[in-house]
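In what follows, a structure is listed as structure tokens, so that the remarks can point back to it.
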Amino acid sequence: LKYFRIHIRHLKKHLGANALIREIQLAGLQDYVDARSQEKGIRGKNLSPTTIKKEMATLRQMWNWARDAGHIERVLPQKGLRYPKLEEKPPFQTWEDIERKIARGGLSEAKQADLWDCLFLTLPEIDDLLAFVKDAAHHPFLYPMFVFAAHTGARRSEMIRSRLDDIDFAAATVTIREKKRVRGTITTRSVPLSPMLQSVLKVWIGEHPGGQQTFCLEPHIPRSRKNRSLGVPLTADEAHDHFKTTLSGSKWDKLRGWHLFRHSFCSNCAAKGIDQRIINGWVGHQTEAMVRRYRHLIPNQQQAAIRTVFAQVGGVKSAAPEPPGLA
């Protein structure tokens, strides 16, 4: 609803607050797309074509409602709309790769921020980060939440929706409640619990302040006038703020948000040679563009494949390397 209102505000600004929706034509929609594509988005860049397409999807949703209600007879004249080309995001990179590129100089702060958005943490780095969070966290739910994100690849919204009943220690699995895979439907997927995550969750559940949510604030929050009998559910903004506050002032404060763990989970699974179908099952729907961003992390598999094709070429016989073991 929040983004729907934002889209409506931009549509009113450019199409006119008093514009009659039935009088909108393709030329007017193209003018809207062209005008929005010249406006600034995040970090001084021009607005993303993805954002503009979302705004047009909001307009289409309103248009279809009006058509179903009998206010409009024709379909939205959107066929033939031209959007700016979408720049493909760079592949995920290690901390070392990013620092080396920044050290060469010549990158603006915005470009540097783009690079840090591409960061994935290696397994030893994740262990170091979790050890830091265990000591630095100001609330008891934070360390379990960080471990949960790192060991399942769950989205922030999925962790907020998580309930205690979703955790099955007997089967060593957790059910993740999705919203993005099927529009308008909350679906689920099952992810195996790592031994570390099982251990951390058992301790946390033993200290849990009550309520249904897996991760929540304690009933009495400092500087709050409210006293509750159960834990307080988290909002998305609160989860982000606690992430940034926990890492503030440390070497980890470059990390952009919870999504880093999803990138890292996928990347580390790929680097260990986990079948792509299994990764997709664990993290839910992934676009081909997202998969391409970490596919380069399995070079030994690619070398094995190319050596199989050209094993006898040029009189040189090469043995394919052993495939990586599953984690």
* Atom CG in L29, atom CG in L81: separation rounded to 0.5 Å? -> 5.5 Å
* Asked: Within a strict 4.5 Å, meaning less than it, do heavy atoms of the F146 and W258 side chains meet?
  -> yes
* Asked: What distance do R161 atom CZ and T188 atom OG1 have between them, rounded to the nearest 0.5 Å?
  -> 11.5 Å
* **Exercise: identify the closest heavy-atom pair between Q198 and A172** => NE2-CB, 3.8 Å
* Structure fact -> For V203, the hydrophobic cluster (side chain heavy atoms closer than 4.5 Å, chained through members) also holds none
* Is the shortest heavy-atom distance from the side chain of T94 to the side chain of F120 under 4.5 Å? -> yes
* With a 4.5 Å limit on heavy-atom distance, are the side chains of L193 and I167 in contact? -> yes
* Decide yes or no for T175 and D168: does some side-chain heavy atom of the first lie under 4.5 Å from some side-chain heavy atom of the second? => no
* Would you indicate whether Q61, at its atom CD, is surrounded by more than 12 heavy atoms from other residues, nucleotides or ligands within a distance under 6.0 Å? => no
* Nearest non-hydrogen partners of W282 and C269, listed with the distance -> CZ3-SG, 3.9 Å
* Please lay out, stage by stage, how M56 and Y32 fare under the test side chain to side chain contact (heavy atoms under 4.5 Å, CB included). => CA-CA 10 Å; M56 295 306 300; Y32 176 87; 3.9 Å; yes
* **Approximate separation, where rounding is to 0.5 Å, of D114 CG and I98 CD1** => 10.5 Å
* Look at atom CZ of F4 and say whether more than 12 heavy atoms of other residues, nucleotides or ligands are closer to it than 6.0 Å. => yes
* **ILVMFWY cluster, I205 and Y143 together (side-chain gap under 4.5 Å)** => yes
* Asked: Is the closest side-chain heavy-atom distance between V33 and P84 below 4.5 Å?
  -> yes
* Asked: Quick one: are F148 and L197 in side-chain contact, heavy atoms under 4.5 Å?
  -> yes
* Could you grab the distance from atom CG of L260 to atom OG of S267, nearest 0.5 Å is fine? => 9.5 Å
* **CD on Q93 to CG on D117, rounded to 0.5 Å** => 11.0 Å
* Structure fact -> Closest non-hydrogen contact found for I160 with A239 is CD1-CB, 4.2 Å
* Just jot down the side chain to side chain donor-acceptor pair (under 3.5 Å) partners of Q30, sequence neighbours excluded, or say none. => D34
* Asked: Under 6.0 Å from the NZ atom of K134, do we count more than 12 heavy atoms belonging to anything else shown?
  -> no
* **Side-chain touch H242/L234, heavy atoms, less than 4.5 angstrom** => yes
* Using salt bridge (charged side-chain N to carboxylate O under 4.0 Å, His left out) as the criterion, list what pairs up with R262, not counting sequence neighbours. => none
* Residues in side chain to side chain donor-acceptor pair (under 3.5 Å) with R163, at least two apart? -> none
* Asked: Are the side chain of E178 and the backbone of I176 linked by a donor-acceptor contact shorter than 3.5 Å?
  -> no
* To do: List for me each residue that meets salt bridge (charged side-chain N to carboxylate O under 4.0 Å, His left out) alongside D97, sequence neighbours excluded, and say none if there are none.
  => R100
* To do: Determine which pairs satisfy salt bridge (Lys or Arg N to Asp or Glu O under 4.0 Å) with at least one residue from residues 46-56, sequence neighbours left out, and list them in order.
  => R36-E55
* To do: Compare all side-chain heavy atoms of N46 with those of K40 and state whether any distance is below 4.5 angstrom.
  => yes
* To do: Using the side chain to side chain donor-acceptor pair (under 3.5 Å) rule, collect all pairs that involve residues 202-214, keeping only residues at least two apart or in two chains.
  => S162-T214
* When the ring planes of H263 and H259 are compared, do they come out parallel, tilted or perpendicular, using 30° and 60° as the limits? -> perpendicular
* Asked: Who passes salt bridge (charged side-chain N to carboxylate O under 4.0 Å, His left out) against R156, sequence neighbours left out?
  -> none
* W65-L11 co-clustered via ILVMFWY side chain contacts under 4.5 Å -> no
Table please: side-chain donor-acceptor pairs of residues 121-132 below 3.5 Å, with sequence neighbours left out.
residue : atom : partner : partner atom : Å
T122    : OG1  : E125    : N            : 3.4
T122    : OG1  : E125    : OE1          : 3.3
E125    : OE1  : T122    : N            : 2.9

* Asked: Taking only residues two or more places apart in sequence, or in another chain, which ones meet H7 in a side chain to side chain donor-acceptor pair (under 3.5 Å)?
  -> T58
* Structure fact -> Between G28 and L15 the two heavy atoms that sit nearest each other are O-CD2, 4.1 Å
* **Hydrophobic cluster membership, I102 vs L255, 4.5 Å side-chain cutoff** => yes
* How long is the span from the NE2 atom in H151 to the CG atom in N268, to the nearest 0.5 Å? -> 10.0 Å
* Sequence neighbours excluded - side chain to side chain donor-acceptor pair (under 3.5 Å) pairs with any residue from residues 66-85 -> R60-Q78
* Asked: Short question: side chain of E218, backbone of P209 - any donor-acceptor pair under 3.5 Å?
  -> no
* Asked: Which pairs, with at least one residue in residues 94-119 and sequence neighbours excluded, count as a ring pair (Phe, Tyr, Trp, His ring centres under 6.0 Å)?
  -> W95-W116, W95-W252
* Verify the cluster assignment for L26 and L59: are they in a single hydrophobic cluster under the rule of side-chain heavy atoms below 4.5 Å apart? => yes
* **Closest non-hydrogen atom pair between L247 and D253, with its separation** => O-CB, 3.3 Å
* **K254 side chain to A113 backbone, donor-acceptor under 3.5 Å** => no
* Asked: Going only through I, L, V, M, F, W and Y residues with side-chain contacts under 4.5 Å, is there a path from M196 to F141?
  -> yes
